[in-house]
Amino acid sequence: DAKTTQPTSMDCAEGRAANLPCNHSTISGNEYVYWYRQIHSQGPQYIIHGLKNNETNEMASLIITEDRKSSTLILPHATLRDTAVYYCIVRVDSGGSNYKLTFGKGTLLTVNP
Amino acid sequence: DTAVSQTPKYLVTQMGNDKSIKCEQNLGHDTMYWYKQDSKKFLKIMFSYNNKELIINETVPNRFSPKSPDKAHLNLHINSLELGDSAVYFCASSRRDGYTFGSGTRLTVV
């Protein structure tokens with residue numbers, strides 16, 4: 001799976017949009033971009049994933065550049081409960097349910113009041 | 001109605017003891033995993049099972065033995081516990097487009 005690079009930490013004001021970048025310049029054509037987050041002392045939580053089109057769900061939006069070498073996770077109205085470590089992960093979707101997620105260091109997002 | 005449940009949540013034990021952590025998922029997923037998160041917060045895969053069959057074994061010491069009696073359960077047994085085994089252990093199950101993690105078991109070896 002391609003490697004990802006994320007900033008170590010970011011701050012965001014409560015109620016503002018949080019934009020978390022991820023670089024995956026070696027991504028290949030069949031690799032998806034996944035985002036997970038881990039709130040302190042909890043298990044990681046799936047947020048969103050995409051291949052090349054922008055995606056949106058009830059939690060966030062995912063913007064993938066046209067060359068797919070980077071992406072941005074957007075939390076449109078960050079709340080204090082969004083303070084967590086956010087992980088950007090790239091993996092091949094082979095169609096099955098058995099696959100390894102390789103977690104990097106992630107970005108610690110701190111939402112301030 | 002917890003999706004992936006682990007027990008116990010906390011486990012404190014002495015070096016040399018043998019302990020088990022249990023995991024159950026009610027999502028109907030075919031694949032289950034054990035991940036370890038150490039003191040530096042790195043999350044690393046240990047094992048995966050698909051329909052009770054071991055698929056991934058990431059060079060984990062033989063003291064760690066996973067057991068899957070059925071596809072809804074994946075237990076982790078650890079023999080001769082060492083100080084370095086202290087960590088948070090997460091169980092997970094997966095469908096094609098994502099994992100669901102349990103809330104973790106914090107193991108402290110003293």
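Heavy-atom basis, side chains included; hydrogens, waters and symmetry copies ignored. Protein chains get the first letters and strands the later ones, always in sequence-line order, with residue 1 at the start of each. Predicted model, so just to flag it, every value in this text is computed and none were measured.
- Within residues 58-83 of chain A, no residue has a heavy atom under 4.5 Å from a heavy atom of chain B.
- Neither the backbone nor the side chain of Q6(B) has a heavy atom closer than 4.5 Å to any heavy atom of chain A.
- Of the atoms belonging to Y99(B), heavy atoms from both backbone and side chain fall under 4.5 Å from chain A.
- Few gaps surround CZ on R95(B); more than 12 heavy atoms of other groups in view lie less than 6.0 Å from it.
- Both L83(B) and Y89(B) are members of a single hydrophobic cluster when ILVMFWY side chains are connected at heavy-atom separations under 4.5 Å.
- Residues from residues 32-47 of chain A that place a non-hydrogen atom less than 4.5 Å from a non-hydrogen atom of chain B comprise Y34(A), Y36(A), Q38(A), S41(A), Q42(A), G43(A), P44(A), Y46(A), given in numerical order.
- In the hydrophobic clustering of ILVMFWY residues, with side-chain heavy atoms under 4.5 Å counting as a link, I78(B) and Y33(B) come out apart.
- Heavy atoms of S48(B) lying under 4.5 Å from chain A belong exclusively to its side chain.
- With sequence neighbours excluded, the residues forming a side-chain hydrogen bond (donor to acceptor under 3.5 Å, both in side chains) with H73(B) are D70(B), listed by chain and number.
- Residues of residues 11-24 of chain B lying under 4.5 angstrom from chain A, judged on non-hydrogen atoms, do not exist here.
- The CD1 atom of I56(B) sits 11.0 Å away from the OH atom of Y99(A) when rounded to the nearest 0.5 Å.
- Within 6.0 Å of the CZ atom in R63(B), the count of heavy atoms belonging to other residues, nucleotides or ligands exceeds 12.
- Between K105(A) and K41(B), the closest side-chain pair of non-hydrogen atoms is not below 4.5 Å.
- With rounding to the nearest 0.5 angstrom, the CZ atom of F103(A) is 9.0 Å from the CD atom of Q37(B).
- In the hydrophobic cluster analysis, where Ile, Leu, Val, Met, Phe, Trp and Tyr join through side-chain heavy atoms closer than 4.5 angstrom, L54(B) is grouped together with W34(B).
- In this structure, N62(B) places its CG atom where only 12 or fewer heavy-atom neighbours from other residues, nucleotides or ligands lie under 6.0 Å away.
- In the hydrophobic cluster analysis, where Ile, Leu, Val, Met, Phe, Trp and Tyr join through side-chain heavy atoms closer than 4.5 angstrom, F90(B) is grouped together with I55(B).
- Checked by atom type and distance alone, the side chain of Y35(B) pairs as donor or acceptor with a backbone atom of L101(A) at under 3.5 Å.
- Note on I89(A): it clusters hydrophobically with L43(B), by side-chain heavy-atom contacts below 4.5 Å among ILVMFWY residues.
- The environment of E53(B) atom CD is sparse: at most 12 non-hydrogen atoms of other residues, nucleotides or ligands sit within 6.0 angstrom.
- Interface remark: Y49(B) contributes no atoms to any contact with chain A (heavy atom separation under 4.5 Å).
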